[in-house]
Protein chains: 2
Amino acid sequence: MDQNPRMAKAAPPPSGTTQDRILAAAEALFCEVGFAGVSARDVALRAGAQKALVFYYFHSKEGLFEAVLSRYYDAHQAALAEALAAAGTVRERMHRLVDAYLDFMARHSAYARLVQAELSNPSTHPLVEKNFAPLYRFVEDALGEVAPDEGRAAARQLFVTFQGAVLNWCTYAPLLSRVWGQDPLAAPLLEDRREHVRWLVDLVLDALERSPASARRAAPAARPKGGRAAARGARSRASGRVTPRAR
Amino acid sequence: MDQNPRMAKAAPPPSGTTQDRILAAAEALFCEVGFAGVSARDVALRAGAQKALVFYYFHSKEGLFEAVLSRYYDAHQAALAEALAAAGTVRERMHRLVDAYLDFMARHSAYARLVQAELSNPSTHPLVEKNFAPLYRFVEDALGEVAPDEGRAAARQLFVTFQGAVLNWCTYAPLLSRVWGQDPLAAPLLEDRREHVRWLVDLVLDALERSPASARRAAPAARPKGGRAAARGARSRASGRVTPRAR
DNA sequence: GGTCCATTTGACCGATCGGTCAAGATTCGT
DNA sequence: ACGAATCTTGACCGATCGGTCAAATGGACC
């Protein structure tokens with residue numbers, strides 16, 4: 001009886017402050033079993049701390065979740081910003097963006113699954129939205145360089161498509177792994193995926209370069225037609241911006 | 001968390017047997033708040049039944065979840081099968097498949113979100129896998145008509161890409177709706193999405209027809225080259241394996 | 001010494017959870 | 001009409017949940 005060593009404590013050595021250890025434990029646990037599946041007692045146990053300390057430092061379970069989420073989104077946005085910062089042709093920068101996204105998601109697939117999981121929970125997805133919105137605007141700005149505002153190749157369409165092409169490979173990995181008998185996030189299959197997404201990006205960019213007007217065909221009303229990037233830049237407020245566009 | 005969705009108790013539609021009413025209530029609740037967020041008491045309350053009846057008919061909460069899941073997957077697979085059944089060129093059938101998928105997911109976006117949510121839960125995703133696997137093989141067989149087995153345009157790559165392009169539009173709808181100020185699942189935006197996915201399908205099919213060899217470039221070994229669908233059918237019937245990898 | 005303040009502890013609370021049970025009510029074959 | 005099988009009820013169980021609290025620690029400054 002007594003304390004069963006079945007629950008991995010993983011970090012009983014006093015690495016970092018108590019607050020950091022709780023945050024790290026919560027991070028791991030939320031990703032493993034989702035928000036509802038984690039109890040404050042579990043978090044404290046893995047952090048080698050007392051349950052009450054969870055509430056002392058983070059006030060509530062939702063506060064803890066929020067802390068974990070924003071830490072992740074910061075890393076997420078930083079990874080994408082770095083990929084977009086360097087110079088190069090539009091095509092090179094798109095490839096870098098998609099590469100960085102794939103690498104980040106493959107490394108943090110549990111986090112990606114967590115976010116997708118909480119999407120269905122109406123009480124927690126305001127938290128997700130708060131982090132998602134600036135990230136979306138950031139990427140949409142980047143896509144606005146190559147894609148029109150409306151029509152069947154609009155920036156928002158490409159965003160969802162490329163985002164889904166990369167993300168679902170990672171979030172569906174546990175399922176696909178069983179169906180295929182191989183891990184989609186391990187070296188051979190992950191590189192296959194990278195090849196595919198790059199191929200897809202090139203396909204779309206070729207089509208956009210070949211006939212930029214036809215891609216916009218489905219858009220009915222003529223729009224005021226200011227500089228597209230300028231209009232878009234004005235829309236995204238100054239606060240959320242991370243990297244000024246270098247072209 | 002919040003007790004908003006709990007208050008839906010009185011005036012249960014006397015339609016159907018008690019078992020059906022419980023199943024319908026569970027369906028709605030699981031989609032609203034996920035597996036962990038639903039209690040047997042909630043289900044019984046909404047169904048206008050007694051809590052013990054949930055366990056009488058479905059043995060456990062997981063049994064109830066399994067019943068809900070398989071009912072949904074049956075409808076899902078039926079929708080896709082109908083789209084693939086009719087005759088036509090490969091391109092027409094691919095368009096119909098994607099259309100049917102988009103329509104089904106737009107109508108059942110809550111279900112799509114539920115499935116994605118439970119993907120992160122290792123204790124429930126065997127249940128999801130049991131339903132996902134045959135559906136995957138079914139669609140992969142269809143894709144095998146147009147796509148090679150390996151390389152950057154392999155059937156499995158296209159599956160994840162198109163599936164993600166359609167599905168994420170629906171599962172991310174609550175988030176995108178707030179960012180855009182419009183509902184992605186309502187008429188105007190949903191048709192925009194359909195245009196985009198059709199455009200994307202054409203882009204890929206054109207590329208595959210133009211140079212079927214180059215798409216397969218990354219695949220080194222020459223394969224026996226029997227009828228692709230036949231070989232795939234035999235393979236998937238025989239065992240869980242889909243494609244032996246040579247690299 | 002003493003005092004202040006952030007940190008830590010362990011016991012405690014009410015509510016809710018999934019699941020069981022024995023006994024009543026209803027339906028049905030005969 | 002009668003017993004058997006099926007369905008329904010409400011009370012009940014042990015466990016766990018998020019969250020609180022008063023008291024104990026321990027170091028920093030005077």
Side-chain angles (χ1 to χ4, degrees), chain A residues 1-4 6-7 9 11-26 29-30 32-69 118 121 123-124 127, chain B residues 1-10 12-27 29-30 32-69 118 121-124 127:
Chain A
M1 49 189 286
D2 301 334
Q3 3 180 327
N4 252 346
R6 37 190 311 164
M7 213 49 162
K9 292 192 280 189
S15 58
T17 69
T18 302
Q19 189 172 3
D20 286 341
R21 270 161 37 225
I22 290 178
L23 197 58
L29 280 174
F30 278 138
E32 279 174 30
V33 286
F35 180 80
V38 171
S39 75
R41 178 186 141 275
D42 293 337
V43 173
L45 202 67
R46 181 177 290 216
Q50 202 77 15
K51 193 187 66 164
L53 289 178
V54 172
F55 299 95
Y56 175 76
Y57 283 113
F58 297 97
H59 173 257
S60 70
K61 190 182 164 186
E62 290 202 355
L64 178 61
F65 185 64
E66 190 164 3
V68 167
L69 263 196
E118 300 309 328
N121 191 332
S123 75
T124 56
L127 281 185
Chain B
M1 208 164 287
D2 63 337
Q3 61 273 23
N4 291 347
R6 303 260 163 94
M7 299 302 290
K9 49 165 205 171
S15 60
T17 68
T18 302
Q19 189 171 4
D20 287 339
R21 271 162 33 225
I22 290 178
L23 197 57
E27 198 171 283
L29 280 174
F30 278 139
E32 280 175 31
V33 286
F35 179 80
V38 172
S39 75
R41 176 185 143 275
D42 294 336
V43 173
L45 204 67
R46 181 177 288 214
Q50 202 75 16
K51 193 187 69 164
L53 289 178
V54 172
F55 299 95
Y56 175 75
Y57 283 114
F58 298 97
H59 172 258
S60 71
K61 190 183 165 187
E62 290 204 354
L64 178 60
F65 184 65
E66 189 164 4
V68 167
L69 263 196
E118 300 309 328
N121 190 332
S123 75
T124 56
L127 282 185

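In the text below, chain A, chain B and the rest are named by the order of the sequence lines, each starting its count at 1.
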Lys61(A) side chain to Val54(A) backbone, donor-acceptor under 3.5 Å: no

Length of the NZ-P vector between Lys51(B) and dG19(C), whole Å: 10 Å

Candidates dG19(C), dA6(C), dG10(D) - which lies nearest the side chain of Lys61(B): dG19(C)

Distance test, side-chain N/O of Arg41(B) to OP1/OP2 of dC17(C), below 4.0 Å: yes

Gap between atoms CD and P, on Gln50(A) and dG10(C) respectively (whole Å): 5 Å

Nearest-angstrom distance from the residue atom CG of Leu53(B) to P of dT6(D): 15 Å

Sugar-phosphate only, base, or nothing, as touched by Ala52(B) at under 4.0 Å among non-hydrogen atoms: base

CA sep, side-chain torsions, deciding dist, call: Leu69(A), Phe30(A), side-chain contact (heavy atoms from CB on, under 4.5 Å): CA-CA 10 Å; Leu69(A) 263 196; Phe30(A) 278 138; over 6 Å; no

Phosphate OP1/OP2 of dT8(D): any Thr18(B) side-chain N/O under 4.0 Å: yes

Geometric class of the Phe35(A)/Phe65(A) ring pair [parallel <30°, tilted 30-60°, perpendicular >60°]: perpendicular

Distance test, side-chain N/O of Ser39(B) to OP1/OP2 of dC17(C), below 4.0 Å: yes

Closest listed nucleotide, where the reference is the side chain of Tyr57(A) and the choices are dC17(D), dT8(D), dT8(C): dT8(C)

Length of the OH-C1' vector between Tyr56(A) and dA24(D), whole Å: 14 Å

Touch class at under 4.0 angstrom, heavy-atom based, for Val38(B) against every strand present: sugar-phosphate

Within-4.5 Å side-chain heavy-atom neighbours: Glu66(A) and Phe58(A): no

Heavy-atom pair with the smallest gap, counting every atom of Thr18(B) and Ala49(B): CG2-CB, 4.1 Å

Asp42(B) CG - dT16(C) P separation (whole Å): 10 Å

Nucleotide dG19(C), atom C1' - distance to CZ of Phe55(B) in whole Å: 5 Å

Value in whole Å for how far the C1' atom of dC7(D) lies from CZ of Phe58(B): 14 Å

